[in-house]
There are 2 protein chains.
Amino acid sequence: MTFEVPAHDGKPPSRIRQKNEQAILKAAEDEFARYGFKGASMNAIALGAGLPKANLHYYFRNKLGLYIAVLSNIIELWDSTFNALTAEDDPAQALTQYIHAKMEFSRRQPQASRVFAMEIISGGACLTEYFTQDYIAWFQGRAAVFQAWIDAGKMDPVDPVHLIFLLWGSTQHYADFSTQICRVSGRTHLTKQDMQVASDNLTRIILKGCGLTPTA
Amino acid sequence: MTFEVPAHDGKPPSRIRQKNEQAILKAAEDEFARYGFKGASMNAIALGAGLPKANLHYYFRNKLGLYIAVLSNIIELWDSTFNALTAEDDPAQALTQYIHAKMEFSRRQPQASRVFAMEIISGGACLTEYFTQDYIAWFQGRAAVFQAWIDAGKMDPVDPVHLIFLLWGSTQHYADFSTQICRVSGRTHLTKQDMQVASDNLTRIILKGCGLTPTA
DNA sequence: GTCTATAGACAGATAGAC
DNA sequence: GTCTATCTGTCTATAGAC
């Protein structure tokens, strides 16, 4: 899961370096979320970070290196949340928490979700080394948690793999498609309260749909 | 819902014109689905359509005009499917059919779904004239169908608006994120059978989650 | 209607002074 | 570490011959 590409190695990062790298990564996230890898402009990222364009190439080898760095940050965040689920958990409680965590992520870091979405929609060429055999094994291990719940009679025998896609698709939709959601519901942005209502509805339907009783 | 931008007006379209326009629209759909509006290249579209680059500007005013034409085709297709739902329908049967129709759309026209997804993720600037007051009214009318089912005691009192987002997000996920779905499940592409299994699982969970009994 | 040639803007990347 | 100036290639769009 680690394919960070540091521009320079060995030396301990100075305070200036850390601050500038963070500013660049933030500006890059916004630009890549809006235009994807190919459509993004290094010049626009430099402007957003408040630095001359040449400095980007000092901190990151090139456009692709910067893009990979942004993607890595996102993916680590996602995987750690999903790893919290275990076969020993109560499925109703665990799924409620997971849906809530994913929705919180969609609320707080929508740009990160969008960069990932754009990359996948574009064919995911930059993630070929991420989707390794190790990743497939990891995913199957995650699906096995759901299967364990089913085998223990704790939930309906739904297809675990498709349940995962349902969880991912429905929660990320609130980050990736928030523009559409706002327009049709006459909002300028999704508030914390809007997201709470959305999260509750989603939890209610999915839990009941899997034969689970909501937790108090 | 109609903002087609013909490059030339009045005259009846010749056979050559129709054929070339179709070839351009198809190539444009592929290019825009992969790179979004800004990242797409008119040169690549021309290559894909088997025409010199200058001919694109003969048939379409400019890059934006071509993009709008592609987007229009997509949106008309989506809306007509959603319009099929009425308050008089049996909700279980209607939702089953709608999910199936949306999944069929994700299977047969994934590129169209991706162009729309990219546009929304990018902020939907090109769709501002699409999301009018008329559209909001239309969307509320659609949500009212679900509310009618609820008021008639035919289904659980879920939030109709969020149910719609769930239906859209979960079905479009199979078009937009098919790359990721294929990678984690070790497939090269999603077969008709894969999509049938996905559709059945989705229908099962959502129907039960809304307090509906699957139709025979 | 078709296609070659090209204009003019902007892309990513780098050299080299400070 | 920072920043100006610039190189090279690609972008959209168009002019004008056929």
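The sequence lines fix the lettering, A, B, ..., with proteins before strands; numbering per chain opens at 1.
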Nucleotides 14-18 of chain D: which of its N/O atoms have a protein N/O under 3.5 Å away?
none

Separation of [X] atom [atom1] from [N] atom [atom2], in whole Å?
X       : N      : atom1 : atom2 : result
A/Leu51 : D/dT2  : CG    : P     : 8 Å
B/Lys38 : C/dA11 : NZ    : C1'   : 10 Å
B/Glu21 : C/dG1  : CD    : C1'   : 13 Å
B/Tyr35 : C/dA11 : OH    : C1'   : 16 Å
B/Leu66 : D/dT12 : CG    : C1'   : 12 Å
B/Leu56 : D/dC11 : CG    : P     : 13 Å
A/Phe60 : C/dT14 : CZ    : C1'   : 18 Å
B/Arg17 : C/dT2  : CZ    : C1'   : 13 Å

Sequence neighbours left out, cut at 3.5 Å: what donor-acceptor pairs do the side chains of residues 38-52 of chain A make with other protein atoms?
residue	atom	partner	partner atom	Å
A/Lys38	NZ	B/Gly39	O	3.3
A/Ser41	OG	A/Asn43	N	3.1
A/Ser41	OG	A/Ala44	N	3.1

Look at the side-chain N and O atoms of A/Tyr59 and state whether any lies under 4.0 Å from the OP1 or OP2 oxygen of D/dG1. no
Winner on side-chain proximity to B/Tyr58, out of D/dT2, C/dG1, C/dT4, is C/dG1
Here the salt bridge (charged side-chain N to carboxylate O under 4.0 Å, His left out) pairs for residues 192-206 of chain A, sequence neighbours left out, are A/Arg187-A/Asp194
Show me the side-chain donor-acceptor pairs of residues 116-124 of chain B shorter than 3.5 Å, one per line, residues at least two apart or across chains.
residue	atom	partner	partner atom	Å
B/Glu119	OE1	B/Tyr67	OH	2.4
B/Glu119	OE2	B/Ala125	N	3.3
B/Glu119	OE2	B/Cys126	N	2.9
B/Ser122	OG	A/Arg34	O	2.8
B/Ser122	OG	B/Met118	O	2.8

By side-chain hydrogen bond (donor to acceptor under 3.5 Å, both in side chains), A/Asn83 pairs with (sequence neighbours left out) A/Trp138
Residue set satisfying side-chain hydrogen bond (donor to acceptor under 3.5 Å, both in side chains) with A/Gln111, at least two apart, ordered chain then number -> A/Asp30, A/Arg114
Across all chains, not counting sequence neighbours, the salt bridge (Lys or Arg N to Asp or Glu O under 4.0 Å) partners of A/Glu29 are none
_Would you call the rings of B/Tyr135 and B/Tyr130 parallel, tilted or perpendicular, taking 30° and 60° as the class edges?_
tilted
Could you pull out all donor-acceptor pairs under 3.5 Å where a side-chain atom in residues 162-172 of chain B meets a protein atom, sequence neighbours excluded?
residue	atom	partner	partner atom	Å
B/His162	ND1	A/Tyr174	OH	2.7
B/Trp168	NE1	B/Tyr98	OH	3.0
B/Ser170	OG	B/Leu166	O	2.6
B/Ser170	OG	B/Leu167	O	3.4
B/Thr171	OG1	B/Leu167	O	2.7
B/Thr171	OG1	B/Trp168	O	3.2
B/Gln172	OE1	B/Lys102	NZ	2.8

Worksheet item: Do any N or O atoms from the side chain of B/Trp149 and from the backbone of B/Asp89 form a donor-acceptor pair under 3.5 angstrom?
Response: yes
Within residues 39-49 of chain A, those residues having any heavy atom closer than 4.0 Å to DNA chain C are A/Ala40, A/Ser41, A/Met42, A/Asn43
